[in-house]
Number of protein chains: 2
Amino acid sequence: MAATIKDIAKKVGVSPSTVSRVINGTASISEETKRKIHQAMKELDYHPNSFARSLVNGNTFIIGLVIDAGNSDSFSNAFFVRSVSAIETVAQTKGYNVLITNDSSSENNNAVKNLVLERKVDGIILPVQCMTQELVELMLNHQIPFVVMGEPEQHNQKIFWIDMDNAEGARLAVEHLLSQNYKCPILLAESQETIFEKKRSAGYIEVCRRHQIAHPMVFACDSDEKVRVLTEQIASGAVQADSVICANNIIAFKVLRALKNKGINVPESIGIIAFDNYPLAEYLEPALSVVDIDTYKLGEQAANILFGQIRDKQVTPSSALIPTQIIARESTGK
Amino acid sequence: MAATIKDIAKKVGVSPSTVSRVINGTASISEETKRKIHQAMKELDYHPNSFARSLVNGNTFIIGLVIDAGNSDSFSNAFFVRSVSAIETVAQTKGYNVLITNDSSSENNNAVKNLVLERKVDGIILPVQCMTQELVELMLNHQIPFVVMGEPEQHNQKIFWIDMDNAEGARLAVEHLLSQNYKCPILLAESQETIFEKKRSAGYIEVCRRHQIAHPMVFACDSDEKVRVLTEQIASGAVQADSVICANNIIAFKVLRALKNKGINVPESIGIIAFDNYPLAEYLEPALSVVDIDTYKLGEQAANILFGQIRDKQVTPSSALIPTQIIARESTGK
DNA sequence: GAGAGAACTGCAAACGTTTGCACAGAGGAA
DNA sequence: TTCCTCTGTGCAAACGTTTGCAGTTCTCTC
């Protein structure tokens, strides 16, 4: 039903090629013809068929965005939405659309492979958790640009990536605590296995060393029980600490609750600062100080890096660390 | 570079049509030929080109999902992510992909129009806030199925929609408070303008009437100042209330904080229950009781309704209300 | 007033599929 | 034997674009 290039050609009395050339501005066409064609396009409500286009010129103007549903806990959510929104906005301004795919709902990366093999997307943005060796090879083989969100463990590959500056965030957190007259911060992480936790630990340790803090310590808080034990040790003095840096917000909430239950004052006796500016942080009592990151910018930059490859044929792998900043609230206001 | 149907045909020694028929199972083909073709497909690593396909058979196997970036506050986030994930999962099982578009980043619904006019998506899911008259007409004209997330104000159109059962949620909240021996619940909403707030009000009023509660009251809490004034009035007895139902979580947090600052005990003196199970609700003190909704199911059902139109050619408008449930925590444990 | 380029336009092939039509051969039924 | 129905396959057109090549007309330049 929809008008095609041929309908316009017929109506104006030119060949389809001429119409195509007017649409794409790909040759010099007399003003008169241009005018008529544009008018006919209006009248017939013409819109180019993107498939026919893709078929001949080989690119689809679609990028794929892999979302990690396995990780759909609420903490990746806030991060996620603004990033997605940013990616889509950037894509739109460049004339691209964004196809999302849920990695975990299919075995074996099949959904992502489908993007490459059948949908022929022009590029892919994917979270580091979804980056399998097989997938990387597939994308490299098919020469399809991709950007990884989150720093990969090994840097031995030609991979473009982007991440928040975890190490810097940890450094800033320690500096902040010291500036508030805390003397002995410890770091609480969920485990020590993910790269971002390693980076945070490293940043923490580095600043502690620099300031000659006696015993920098990193604790694994991967269960409620551990949190309970730890707060008891802090209370009894078995663990020397006057402040904690929590590698994520949920740990912070648990610790805060445990401390209050023990009658330990926050921020007077113990200061708390957490990673990720989870929106409710400011409604806690005391309001939680956090290491914040601009998730919109994160997505925006990821998209920019991708389009650097797609459009500007940039080929030397680049990476970017999005700066973090401290939002000081009551929980570190000794 | 990628292998085409012709390459396979050549390799096996049949015509492209035969290969196509084997792929689509659209005619009877001898077992022998089938076997050879399948083998050749493996060897050449063949994957059908979705564009060429779409070009001839008219459907794209892509659905559009409009996201409302204007509303990217954290409270729609949690809702959003799980819904999106659900929609994508359903789509994937039906062989469809999901194209997202950010409505607000373009003027005049242009981005969404683009989905219809150029991308030729087979269906669209969009939030009710993005549903303009113009868009509805466009989609109807082009006979492209769509599902609205959120109940539209007017029902005079042939529109498929889905929503959480706001009225029922409010009813359950009142019933819950009464069962906990609160006698006089009031409702706090941000405004009275959105349809979901109206529904919640209606459900609240209805149950109050049924239980002959003296003065059912709905307050607009659209600023911190109003929250402050209201809590003072509650404290002084100027407003008679022993419990509040908050139309969203942020109001709940503000009220809780204001009450505590006034030294009013929750849940002993005032009970609080809020809509939306925001993940941190359980970490507040006291842990917040909420009206919960299964956002995954919401997305899942939206997708199912859409595919009902796309694949089963269902044509009589349907709608669905996703049931809510009470999660009782400390804040209503008088 | 001839030759050269520039400006403008058309023809037809190509992109990778699907599908209506046709046809050959096989296997019965009459 | 003749006719009919199936099964299996190929031919060629079609989907809506883009684009290399070639052709025509026009405008200079000498």
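Residue numbers begin at 1 in each chain, while the letters A, B, ... track the order of the sequences. Being a predicted model, the structure only gives us computed values, none of them experimental.
Atom CG of A:Leu55 and atom P of D:dT17 are 12 Å apart (whole Å). B:Lys120 places its NZ atom 9 Å from the C1' atom of D:dG16, with the value rounded to the nearest Å. When the C1' atom of D:dC15 is taken as reference, atom CG of A:Asn49 falls 8 Å away, rounded to whole Å. To the nearest angstrom, P of C:dG16 lies 10 Å from OH of B:Tyr46. Put simply, CG on B:Asn59 is 16 Å from P on D:dC15, counting in whole angstrom units. To the nearest angstrom, P of C:dC15 lies 17 Å from CZ of B:Phe51. Rounded to an integer number of Å, the gap from NZ of A:Lys6 to C1' of D:dC15 is 8 Å. A straight line from CG of A:Leu117 to P of C:dG16 spans 15 Å, rounded to a whole angstrom.
Residue B:Lys113 qualifies as enclosed at atom NZ: its count of foreign heavy atoms under 6.0 Å is above 12. Few gaps surround CD on B:Gln133; more than 12 heavy atoms of other groups in view lie less than 6.0 Å from it. Under a cut-off of 6.0 angstrom, the local environment of NZ in B:Lys11 is crowded, with over 12 non-hydrogen atoms contributed by other residues, nucleotides or ligands.
Regarding contacts with the backbone of D:dT18, a side-chain N or O of A:Asn24 is found under 4.0 angstrom from either OP1 or OP2. Side-chain nitrogen and oxygen atoms of B:Arg53 include none within less than 4.0 Å of the OP1 or OP2 phosphate oxygen of C:dG16. OP1 or OP2 of C:dT19 has not a single side-chain nitrogen or oxygen of B:Asn57 nearer than 4.0 Å.
Within the structure, every pair that satisfies the ring pair (Phe, Tyr, Trp, His ring centres under 6.0 Å) test and touches residues 41-60 of chain A, not counting sequence neighbours, is listed here: A:Phe51-B:Phe51.
Between the side chains of A:Asn114 and A:Arg119, not a single donor N or O lies within less than 3.5 Å of an accepting N or O.
In plain terms, the two heavy atoms of B:Val22 and B:Lys34 that are nearest each other are CG2-CG, 4.2 Å.
Formation of a donor-acceptor pair under 3.5 Å by the B:Asn102 side chain with backbone atoms of A:Glu88 is not found in this model.
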Any N/O pairs under 3.5 Å between the protein and nucleotides 9-14 of chain C? List them or say none.
residue: C:dT9; atom: OP1; partner: A:Ser30; partner atom: OG; Å: 3.3
residue: C:dT9; atom: OP1; partner: A:Thr33; partner atom: OG1; Å: 2.7
residue: C:dT9; atom: OP2; partner: A:Ser30; partner atom: N; Å: 3.1
residue: C:dT9; atom: OP2; partner: A:Thr33; partner atom: OG1; Å: 3.3
residue: C:dG10; atom: OP2; partner: A:Ser15; partner atom: N; Å: 2.8
residue: C:dG10; atom: OP2; partner: A:Ser15; partner atom: OG; Å: 3.2
residue: C:dG10; atom: OP2; partner: A:Thr18; partner atom: OG1; Å: 2.5
residue: C:dG10; atom: N7; partner: A:Arg21; partner atom: NH2; Å: 2.8
residue: C:dG10; atom: O6; partner: A:Arg21; partner atom: NH1; Å: 3.4
residue: C:dG10; atom: O6; partner: A:Arg21; partner atom: NH2; Å: 2.7
residue: C:dC11; atom: N4; partner: A:Ser17; partner atom: OG; Å: 2.9

